[in-house]
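Since the structure is predicted, the reported quantities are computational estimates derived from the model, not experimental observations.
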Amino acid sequence: MMLCVTIGTHSCMKLMTASLAALLCLLLIVCPGTHSQSVACELRDHNPCQCDYGDGKGIDLTKLKNVPEFLDNTTTRKYIWSPCGEVIDFPGTECTKGAAACQIEGSTDKYSIGTLGSASFLVDTTATIFTAYLNYTGGAGERRMHITMVCSSGQFPGSLSFEKEDPTLTYNFLLTSPEVCEVNVTSGASVSVGSILLIIAVVGLFLYFSIGVIFMHAAKDAKGIEKLPNSSFWCGLPGLIKDGAMCLVSPCCGAGGGPSQKDYDTIP
């Protein structure tokens, strides 16, 4: 109050307003709003249909892969979107191979509004109903596509509708579908064919030796190394490997202690 009396009422009000504004800015920086918070949902194995945002939770649009392209024709323009595979290629237009969605104007003008390889997901962690966002970039003339996906218990595959173009060349859509609901996804890396074959080989060798030793001991009363099935082969295997390696390194050239050319008869 003493400060207000000294500098005047009008100046005091200005000072108080400025102080409150500064305090509000500080609160916004230190304690950001929590009305909407999105987290990245990473693609799984570069698959534009699946993403994982942690704790085994994610989105899986795979069931939309075999559904005919979503077609939105509620505006003067038409839009085709294929979430899990490239849209039909339109030769001679700007909607070429690799496009995830196309904008169609009339019978000849067709433009890509995003490439399949640019797909990126975000998940809104504060929404009451599970909501996610799918973005595509790299379209013709820097066009891009933004899809708000809302989990719905409606009929498969759901509905896609055009909302607005905002900002310019950014086309916003709304997708409601049961296929955009949160699901459990496998967070670990998939097992390759080579890994499966290696596992089969290791298990097979273990069973081979285990059953073989039991059989040789019970049926033939074998002792020591003879309990090993085909023991002569396995004991001689290191030598066979050595001979094969020497042959590959110096076949018939006399190097490495192998046979020399003079040890062989000339074919007439």
Side-chain angles (χ1 to χ4, degrees), residues 36 38-90 93 95-105 110-140 143-166 170-187 190:
S36 179
S38 298
V39 297
C41 193
E42 302 295 338
L43 297 184
R44 297 191 63 248
D45 300 325
H46 306 286
N47 186 343
C49 272
Q50 296 179 345
C51 72
D52 183 349
Y53 64 92
D55 296 329
K57 303 293 185 181
I59 302 171
D60 188 354
L61 304 179
T62 304
K63 289 184 179 179
L64 299 180
K65 183 174 184 178
N66 297 321
V67 175
E69 290 91 344
F70 283 84
L71 176 64
D72 182 276
N73 55 4
T74 58
T75 64
T76 55
R77 296 168 173 170
K78 293 182 180 180
Y79 298 91
I80 297 177
W81 175 51
S82 182
C84 296
E86 300 171 350
V87 298
I88 299 173
D89 190 15
F90 296 97
T93 71
C95 187
T96 56
K97 186 176 181 180
C102 286
Q103 178 189 75
I104 302 175
E105 298 184 28
K110 299 176 178 66
Y111 306 96
S112 166
I113 58 174
T115 61
L116 198 64
S118 68
S120 62
F121 290 86
L122 290 173
V123 174
D124 189 341
T125 58
T126 60
T128 304
I129 301 175
F130 184 78
T131 303
Y133 309 99
L134 175 56
N135 297 289
Y136 298 99
T137 59
R143 287 172 170 81
R144 59 184 62 213
M145 184 180 190
H146 175 79
I147 306 174
T148 299
M149 304 187 297
V150 180
C151 174
S152 169
S153 59
Q155 186 176 2
F156 176 85
S159 63
L160 175 72
S161 59
F162 175 75
E163 296 291 302
K164 59 183 178 179
E165 180 184 348
D166 183 33
T170 297
Y171 303 92
N172 297 271
F173 295 82
L174 174 64
L175 172 67
T176 56
S177 171
E179 297 309 312
V180 301
C181 298
E182 181 185 69
V183 296
N184 291 321
V185 294
T186 304
S187 57
S190 59

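- With hydrogens and angles left out, the side-chain atoms of Asp124 and Thr126 include a donor and acceptor closer than 3.5 Å.
- Residue Leu116 comes nearest to Ser82 through the heavy atom pair CD1-O, 3.9 Å, listed as atom of the first residue, atom of the second, then distance.
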*Please assess Ile59 against Met149 for the test side chain to side chain contact (heavy atoms under 4.5 Å, CB included), listing each intermediate value before the final yes or no.*
CA-CA 10 Å; Ile59 302 171; Met149 304 187 297; 4.3 Å; yes
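- Looking only at distances, a side-chain donor or acceptor of Thr115 sits under 3.5 Å from a matching main-chain atom of Thr137.
- If you take CG on Asn47 and SG on Cys84, they are separated by 7.0 Å, rounding to the nearest 0.5 Å.
- In plain terms, the two heavy atoms of Asp52 and Cys41 that are nearest each other are N-SG, 3.4 Å.
- In this structure, the separation between CD on Glu86 and SG on Cys95 is 10.0 Å, given to the nearest 0.5 Å.
- Of all the heavy atoms in Ala99 and Ser112, the pair that sits closest is CB-OG, 3.6 Å.
- When the options Phe173, Tyr136, Trp81 are evaluated for a side chain to side chain contact (heavy atoms under 4.5 Å, CB included) with Ile113, the one that passes is Phe173.
- Of the inter-residue distances, the one linking Leu174 atom CG with Ser159 atom OG reads 7.0 Å to the nearest 0.5 angstrom.
- Taking the six-membered ring where tryptophan is involved, the planes of Phe162 and Tyr79 are essentially parallel, since the angle between them stays under 30° and well short of 60°.
- With hydrogens and angles disregarded, a donor-acceptor distance shorter than 3.5 Å links the side chain of Asp60 to the backbone of Thr62.
- Between the CG atom of Leu134 and the CG atom of Leu61 there is a distance of 7.0 Å, given to the nearest 0.5 Å.
- Counting only distance, with no hydrogens or angles, the side chain of Asn172 and the backbone of Lys164 share a donor-acceptor pair below 3.5 Å.
- More than 12 non-hydrogen atoms from other residues, nucleotides or ligands lie less than 6.0 angstrom from CZ of Arg143.
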*Test side chain to side chain contact (heavy atoms under 4.5 Å, CB included) on Glu165 and Gln103 and set out the steps.*
CA-CA 12 Å; Glu165 180 184 348; Gln103 178 189 75; 5.7 Å; no
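- Note that the OH atom of Tyr133 and the CG atom of Leu175 stand 13.0 Å from one another [nearest 0.5 Å].
- Closest heavy-atom contact between Thr131 and Ala127: OG1-CB, 3.7 Å.
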*For side chain to side chain contact (heavy atoms under 4.5 Å, CB included), just list the numbers for Ile104 and Lys110, CA-CA rounded to whole Å, side-chain angles, deciding distance to a tenth of an Å, and then say yes or no.*
CA-CA 5 Å; Ile104 302 175; Lys110 299 176 178 66; 4.2 Å; yes
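- Between Val150 and Val180, the shortest heavy-atom contact is O-CG2, 3.2 Å.
- Among all heavy-atom pairs drawn from Pro157 and Leu64, the shortest one is CB-CD2, 3.6 Å.
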